[in-house]
Amino acid sequence: MTTVAPRAVRRIAAHAACEVDGVGGDVTAEATVDGESTTLDVRLPLAYPAPIASTVERVRAHLLGRTAELTGLSANRVDITVAVARPEQPKRRVR
C-alpha cells in the first residue's frame, strides 16, 4: 500500500486548480488524507470577469480527476472558497 502525504496532495491540488482558465495564480489548498480518500479545501482567486459559478464547477471537476489521476486517492469532498476577484489592470500606454 502506497501512502500519499497530505502535503503532496495539497500541492497537487493547488497546481491542478491553476490549470483551469480564469483562475489566478495564488491558489492555496488544504488536504486531509484518510486511507485511500482525501478531502480538499481550496481557496481560489478568480480573474475578473470570470464567471464564478461555472469556473468553480470546472475547478471542482478538474480537481476530482487530477487528484485521482496523480495520487490514486479518491476525493470525497472538495470545498472551494472564492477569494477576491480583481479586475485586470489596464495596460499602461507607453509613448
Side-chain angles (χ1 to χ4, degrees):
M1 178 176 166
T2 302
T3 303
V4 181
R7 180 177 175 198
V9 178
R10 279 194 315 253
R11 287 182 167 196
I12 288 169
H15 185 76
C18 290
E19 295 173 345
V20 177
D21 287 337
V23 175
D26 196 20
V27 176
T28 57
E30 295 294 326
T32 304
V33 176
D34 184 22
E36 295 184 6
S37 63
T38 185
T39 301
L40 301 173
D41 186 8
V42 178
R43 183 172 170 85
L44 193 65
L46 296 181
Y48 183 81
I52 295 172
S54 63
T55 303
V56 166
E57 288 309 313
R58 283 187 290 127
V59 169
R60 180 172 284 119
H62 190 68
L63 286 175
L64 290 171
R66 292 293 280 173
T67 302
E69 176 185 352
L70 297 173
T71 66
L73 301 172
S74 62
N76 289 338
R77 195 172 87 195
V78 179
D79 293 331
I80 297 176
T81 302
V82 175
V84 175
R86 297 184 180 171
E88 291 183 16
Q89 296 294 322
K91 294 185 179 184
R92 298 182 91 185
R93 188 173 171 185
V94 179
R95 291 182 183 202

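Since this is a predicted model, take the numbers as computed values, not measurements.
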Working to the nearest 0.5 angstrom, can you tell me the gap between [X] [atom1] and [Y] [atom2]?
| X | Y | atom1 | atom2 | value |
| --- | --- | --- | --- | --- |
| D21 | L46 | CG | CG | 12.0 Å |
| D41 | T81 | CG | OG1 | 5.5 Å |
| L63 | L40 | CG | CG | 6.0 Å |
| L73 | D34 | CG | CG | 10.0 Å |
| R11 | L70 | CZ | CG | 14.5 Å |
| R7 | R10 | CZ | CZ | 7.0 Å |

Provide the closest heavy-atom pair for [X] versus [Y] in the form atom of the first, atom of the second, distance.
| X | Y | result |
| --- | --- | --- |
| A31 | P6 | O-CB, 3.6 Å |
| C18 | V23 | CA-CG1, 4.3 Å |
| A16 | H62 | O-CD2, 3.1 Å |
| A14 | A29 | N-CB, 4.1 Å |
| A50 | G22 | CB-O, 4.0 Å |
| P45 | A83 | CA-CB, 3.9 Å |

How about [X] and [Y]: do any of their side-chain heavy atoms sit closer than 4.5 Å?
| X | Y | value |
| --- | --- | --- |
| V42 | T28 | no |
| T55 | R58 | yes |
| L64 | V78 | yes |

Common cluster, V9/I12, ILVMFWY with side-chain heavy-atom separation under 4.5 Å: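 V9 and I12: separate clusters.
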V27 with I80, same ILVMFWY side-chain cluster at under 4.5 Å: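 Yes, V27 and I80 fall within the same hydrophobic cluster.
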Atom CG of N76: over 12 foreign heavy atoms under 6.0 Å: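 Yes.
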Over 12 non-hydrogen atoms of neighbours within 6.0 angstrom of CD in E19: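 Counting other residues, nucleotides and ligands, CD of E19 exceeds 12 neighbours.
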Any donor-acceptor N/O pair, T38 side chain to T32 backbone, under 3.5 Å: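 Here the side-chain-to-backbone pair exists.
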